[in-house]
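Report on the following structure.
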Protein chains: 2
Amino acid sequence: MLSSSIEPTGDDATSLTHTADLPVTGLKGRLLNHLEAAPLHASQRLPSEREMIERFGTTRVTLRDALLQLEAEGRIYRENRRGWFVSPPRLRYDLLACLPFHEMVQSQQRVASTEVLAAQEVPADEVIAQRLGIARGAGVYRITRVRRIDGRRVLHVCHHLRRDCFPGILDFDLSAHSLTTLYLHQYAIRIRRVSFELASSVFDAETAVALNAAPGSPAQRITRINFDQNGRAVDCDDEHWRHDAIELTLSAAPQR
Amino acid sequence: MLSSSIEPTGDDATSLTHTADLPVTGLKGRLLNHLEAAPLHASQRLPSEREMIERFGTTRVTLRDALLQLEAEGRIYRENRRGWFVSPPRLRYDLLACLPFHEMVQSQQRVASTEVLAAQEVPADEVIAQRLGIARGAGVYRITRVRRIDGRRVLHVCHHLRRDCFPGILDFDLSAHSLTTLYLHQYAIRIRRVSFELASSVFDAETAVALNAAPGSPAQRITRINFDQNGRAVDCDDEHWRHDAIELTLSAAPQR
DNA sequence: GAGTGGTCTAGACCACCTC
DNA sequence: AGGTGGTCTAGACCACTCC
């Protein structure tokens, strides 16, 4: 499945090693690029590392370097201890469209699903209290969810909602309804301003487990605070995306 | 310089290897975390890899893995073939404030500088033509610059300006003036809408060279299109940042 | 010229997933 | 139980930086 169309003039795997006396930097990476270009489709599994080693006439460490490179480029991804897969196209995530996740995904001809990991009332810690402008220790609802696109776990989100804004919201089915829809229809709260903080990082251990990602693989962090029609911060969330899963977009008027 | 306060109970380097029978995953990474927490300051150079190997009783490959982890976390960075350094705090980059680079940096008590790599008129290629809504082959000015914060090269940016909007703009000193200021004062063009596309990736070879980054190290890509008071796309740019150099922020009203 | 990081070889053991 | 990825050892050569 892999052997064809990697090197036009090459006659199978052994020929690849012949190029080793060229400037080798990233050569393996380039081979793997070619490898993807031709025969592999989105979400298809790559051959096992040991198989690729043999195919390319290289060692585990070198191959691994190349794979990690491609991972950093967002072209392939790992599931922890399960193997390497070709990255599907990035979901375009318009930060200011504020579409519910399922709608956003559906509108791009993909399939979304959501799993609630935990939903409970907790006292606000320092960070949350500050973001929401409430007293430390005040009651908030914490909702942790994992979201999938086409079956692949791509997003870990942790919401914190002000209890005084959304009393009893935990009684709704949180895997079926979008929060913003509940806000509007059940609580007459409309999000009028959003504020974001974005940075690229890596998954922490817990998040990695939830997404079945290798600990330390690259992640996109998105922290959001939502303000209602009265300018009050009503909830915030911490999103951690597989970094290859999204491309962020936004369009707005500059301030002042 | 490194030997103190890494392991409270440890009596120097050899003790570190005693912990090797614990779950070792990321142990080296954690050691290096401690290592940073204590005695190293922003932009300070880490000891040479061979020195750290000895200090931690490990091998090159393992150490390198740990360092690459910390790089992915944005805690340290490389200059190509020069060594590893502690990452300075991230610059907060408000996407919608549209502050000139020098002002943004200065307002955070940092020092900015800019270097013009190239500035010339070229025909618009497919991508640029599409972004700017002009004919393929139409004249555009391409300006490539490298920007520094506190002396560190963190940003490679390539602008494309419509020639018909900014005739003769290349005659100005582009390392001293901000483009948006020139737009406003020399051409009476004011940016009224911006549209962004963000994704995390790695540096390509050319960009890496310009920033003195190792090829393949993690990067944040920011593509921007600027629209003037008539709704016309007047310029666009492709920014590639060292991913540890920035934290993006924005605050706006959601659409609709 | 000495030392550095960048790249590579050739193995090994273990935890975990899949069958 | 066999195979997988995750982690690690112990070296090597080269291109480049810095002195």
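For the numbers below, each heavy atom of this structure counts, side chains included, while hydrogens, waters and symmetry mates do not. The sequence lines fix the lettering, A, B, ..., with proteins before strands; numbering per chain opens at 1. Keep in mind that what you see is a predicted model, and the values were worked out from it rather than measured.
A salt bridge does not link A:Arg152 to A:Glu79: none of the charged nitrogens lies less than 4.0 Å from a carboxylate oxygen. B:Glu239 has no carboxylate O lying under 4.0 Å from a charged side-chain N of B:Arg147, or vice versa, which leaves the two without a salt bridge.
Phosphate proximity of D:dC8 to B:Thr58: absent, as no side-chain N or O sits under 4.0 Å from OP1 or OP2. Taking 4.0 angstrom as the limit, B:Ser48 places a side-chain polar atom (N or O) nearer than this to OP1 or OP2 of C:dT4.
Between A:Trp241 and A:Phe101, the angle of the ring planes lies from 30° to 60°, which puts this pair in the tilted group.
The separation between A:Glu49 atom CD and C:dC17 atom P is 16 Å, rounded to whole Å. Counting to the nearest Å, the P atom of C:dC17 and the CZ atom of A:Phe85 are 13 Å from each other. Between the CG atom of B:Leu63 and the C1' atom of D:dT7 there is a distance of 14 Å, given to the nearest Å. Protein atom CE of B:Met52 is 11 Å distant from nucleotide atom P of C:dT4, rounded to whole Å. In this structure, CD of A:Glu79 is placed 14 Å from C1' of C:dT18, rounded to the nearest angstrom. The nearest whole Å value for the distance from the CZ atom in A:Arg78 to the P atom in D:dT7 is 8 Å. The CD-P distance, from B:Glu54 to D:dT9, rounds to 14 Å in whole Å. Atom CZ of B:Phe56 and atom C1' of D:dC8 are 16 Å apart (whole Å).
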* Footprint string (nucleotides 12-19 of chain D, 5' to 3'): B base within contact, S backbone only, - free, heavy atoms under 4.0 Å -> BB-BSSS-

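Closest to the side chain of B:Arg45, from the set C:dG5, D:dG5, D:dC8, is C:dG5.
Here the CZ-CD1 distance, from B:Phe85 to B:Ile76, works out to 10.5 Å after rounding to the nearest 0.5 Å.
Residue-environment remark: CD (A:Glu115) exceeds the threshold of 12 foreign heavy atoms within 6.0 Å.
Partners of B:Thr59 under the side-chain hydrogen bond (donor to acceptor under 3.5 Å, both in side chains) rule, at least two apart in sequence or in another chain, are B:Thr62. By the side-chain contact (heavy atoms from CB on, under 4.5 Å) test, B:Ala119 is found to be paired with B:Val116, B:Ile143, B:Leu170, B:Leu174, residues two or more places apart in sequence or in another chain being considered.
Nucleic acid contact for A:Thr59: base, since at least one base atom lies under 4.0 Å from a heavy atom of the residue.
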